[in-house]
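For reference, the structure is listed below as structure tokens.
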Amino acid sequence: MEIDDNRIKHIIKSLSSYLHGKDKPLRLSLISFLSRGHLLIEDLPGLGKTTLAIGIAKSLGLTFGRIQCTSDLLPTDITGLSIYNKSTGEFEFHPGPIFNNIVLCDEINRATPKTQSALLEAMGEKQVTIEGKTYKLPRLFSVIATQNPVEQFGTFPLPESQLDRFTMKISIGYPSRDAEKEILKVGSRREEIYNIVPVMNKEEVVQLQAGIENNTYISDKILDYTLAVIDATRGNGYLASGLSTRGALTLINTAKANAYFHGRDFVIPEDVKELSEYTIPHRVLFKEEYETLDKKEIIKSLIEKIPTPA
């Protein structure tokens, strides 16, 4: 595969002017998307989560939909519904916001579990079933969900089955003092981001995703190393349950995308290791007595003990 990451660099540089000092969250978000995954962002309101989602969609020339989750949101507000047309005498399906390439589910943990479950089929199967009929979602489809810290009032914790469908869980965090000073100088630029010129088009994005998946070499040694990481999560004293097979596939897919971002067409152990704190902690179950510990640090220390192949 010919490595041409100039356009990716251009996207990150362009969006950095809207998200000062947030190159790393931008890079992680693009890795998640290019490995055909869904992204969960946990952070306080007002730190740029929505700007990031809009910016990625617009830069890649994709359609964008937004769902603002509240406790009275209904599943049909996400999927759409059929409405009777008096003139034709027939019911017509009106698709909901889920029928977009990139869908922002803002504050997902404010929706009730019943409504959250409406997203499961969409995220897992890339289709929705409404009134007994199944509708396919767009070929390029990814959910970027944001959640408020669970300590906040009016939140519902996401079930493990739903968390396992998110490729990565990241945070954006507060900007640095210098970055925030720049933001205060120019004010909010949210409206401008809707008008940015796409760096790629939809077909190019499809080809790039396929190229990363099919043309990035991963050796048996790297597969064995990845299996050792997976085994370590399944037999560890800190964890009640380890990575699922879906989680194992995520390690491989994101490692391939990470290799691409580093300008390689082959995977090395660091591609798995570098992303482990974003791909593993949210999809394994820690024993109750360790719930208050730093989960990322536990996972990192667990992986450090695994010998790296030569």
Side-chain angles (χ1 to χ4, degrees), residues 3-68 97 100-107 140 142-148 166-209 212 254 257-263 274-275 277-278:
I3 303 295
D4 175 15
D5 61 348
N6 286 333
R7 287 180 296 181
I8 296 295
K9 288 177 181 172
H10 181 75
I11 289 172
I12 293 175
K13 186 178 177 183
S14 166
L15 295 183
S16 291
S17 64
Y18 299 92
L19 290 158
H20 293 278
K22 298 303 175 188
D23 288 14
K24 189 168 185 179
L26 278 170
R27 182 185 174 91
L28 292 171
S29 304
L30 287 166
I31 289 174
S32 174
F33 177 78
L34 292 176
S35 56
R36 304 176 194 269
H38 307 292
L39 179 69
L40 179 63
I41 307 174
E42 182 177 271
D43 238 322
L44 295 167
L47 294 179
K49 302 186 289 289
T50 306
T51 302
L52 182 145
I54 298 168
I56 290 176
K58 296 298 177 186
S59 297
L60 298 175
L62 305 176
T63 61
F64 174 78
R66 178 176 178 171
I67 301 164
Q68 180 62 54
N100 279 289
N101 299 127
I102 290 184
V103 179
L104 172 66
C105 293
D106 212 3
E107 301 185 301
L140 285 171
S142 179
V143 169
I144 298 178
T146 73
Q147 73 168 2
N148 297 331
F166 286 105
T167 298
M168 288 190 198
K169 179 183 172 186
I170 67 169
S171 296
I172 293 180
Y174 290 116
S176 66
R177 185 183 176 86
D178 289 343
E180 198 151 39
K181 191 174 179 180
E182 286 299 313
I183 295 169
L184 294 177
K185 278 182 184 174
V186 299
S188 172
R189 298 180 63 198
R190 171 77 64 81
E191 289 302 315
E192 294 176 31
I193 206 164
Y194 284 97
N195 299 317
I196 59 176
V197 178
V199 178
M200 304 174 76
N201 61 43
K202 198 175 293 184
E203 195 52 42
E204 289 173 324
V205 175
V206 170
Q207 290 174 7
L208 181 54
Q209 282 186 336
I212 290 172
T254 53
N258 202 25
Y260 175 82
F261 274 65
H262 284 292
E274 190 177 296
L275 299 178
E277 63 181 289
Y278 310 106

Residues in side-chain contact (heavy atoms from CB on, under 4.5 Å) contact with Gln68, at least two apart in sequence or another chain: Arg66, Asp106, Glu107
Where at least one partner belongs to residues 166-177, residue pairs that pass salt bridge (charged side-chain N to carboxylate O under 4.0 Å, His left out), sequence neighbours excluded: Glu42-Lys169
Nearest atoms (heavy-atom pairs only) where Leu26 meets Ile12: CD1-O, 3.9 Å
Atom of Gly37, atom of Ser142 and distance for their closest heavy-atom approach: O-OG, 2.7 Å
Any residue meeting side-chain contact (heavy atoms from CB on, under 4.5 Å) with Ser171, in chain and number order, not counting sequence neighbours: Asp43
From Ser17 atom OG to Glu192 atom CD, the distance as rounded to the nearest 0.5 Å: 8.0 Å
Partner residues of Asn100 under the side-chain contact (heavy atoms from CB on, under 4.5 Å) criterion, sequence neighbours left out: Thr63, Val103
Only distances under 3.5 Å count here; give the side-chain donor-acceptor pairs of residues 44-59 to other protein atoms, sequence neighbours excluded, each with its distance to 0.1 Å.
residue: Lys49; atom: NZ; partner: Leu44; partner atom: O; Å: 2.8
residue: Thr51; atom: OG1; partner: Arg190; partner atom: NE; Å: 3.1
residue: Ser59; atom: OG; partner: Gly55; partner atom: O; Å: 2.8

Residues in side chain to side chain donor-acceptor pair (under 3.5 Å) contact with Glu274, at least two apart in sequence or another chain: Asn258, His262
Reference residue Leu15; test side chain to side chain contact (heavy atoms under 4.5 Å, CB included); the match among Ile193, Val199, Leu30: Ile193
Under 3.5 Å donor-acceptor, Glu204 side chain and Asn201 backbone: yes
pair Ile8-Leu208: side-chain heavy atoms closer than 4.5 Å: yes
Minimum-distance pair of heavy atoms, taken over all atoms of Ser29 and Ile170: OG-CD1, 3.8 Å
Separation of Ile41 CD1 from Gln147 CD (nearest 0.5 Å): 10.5 Å
Steps toward side chain to side chain contact (heavy atoms under 4.5 Å, CB included) verdict (Tyr278, Thr254): CA-CA 10 Å; Tyr278 310 106; Thr254 53; over 6 Å; no
Where at least one partner belongs to residues 33-56, residue pairs that pass ring pair (Phe, Tyr, Trp, His ring centres under 6.0 Å), sequence neighbours excluded: His38-Phe141
Check: Thr167 and Ile31 side chains under 4.5 Å, non-hydrogen atoms: no
Within residues 21-38 or reaching into it, pairs that qualify as salt bridge (charged side-chain N to carboxylate O under 4.0 Å, His left out) - sequence neighbours excluded: Arg36-Glu213
Atom pair OG1/CD1 of Thr146 and Ile172 - distance to nearest 0.5 Å: 9.0 Å
Derivation of the side chain to side chain contact (heavy atoms under 4.5 Å, CB included) call for Leu28 and Leu39: CA-CA 9 Å; Leu28 292 171; Leu39 179 69; 5.8 Å; no
side-chain contact (heavy atoms from CB on, under 4.5 Å) partners of Ser14, counting only residues at least two apart: none
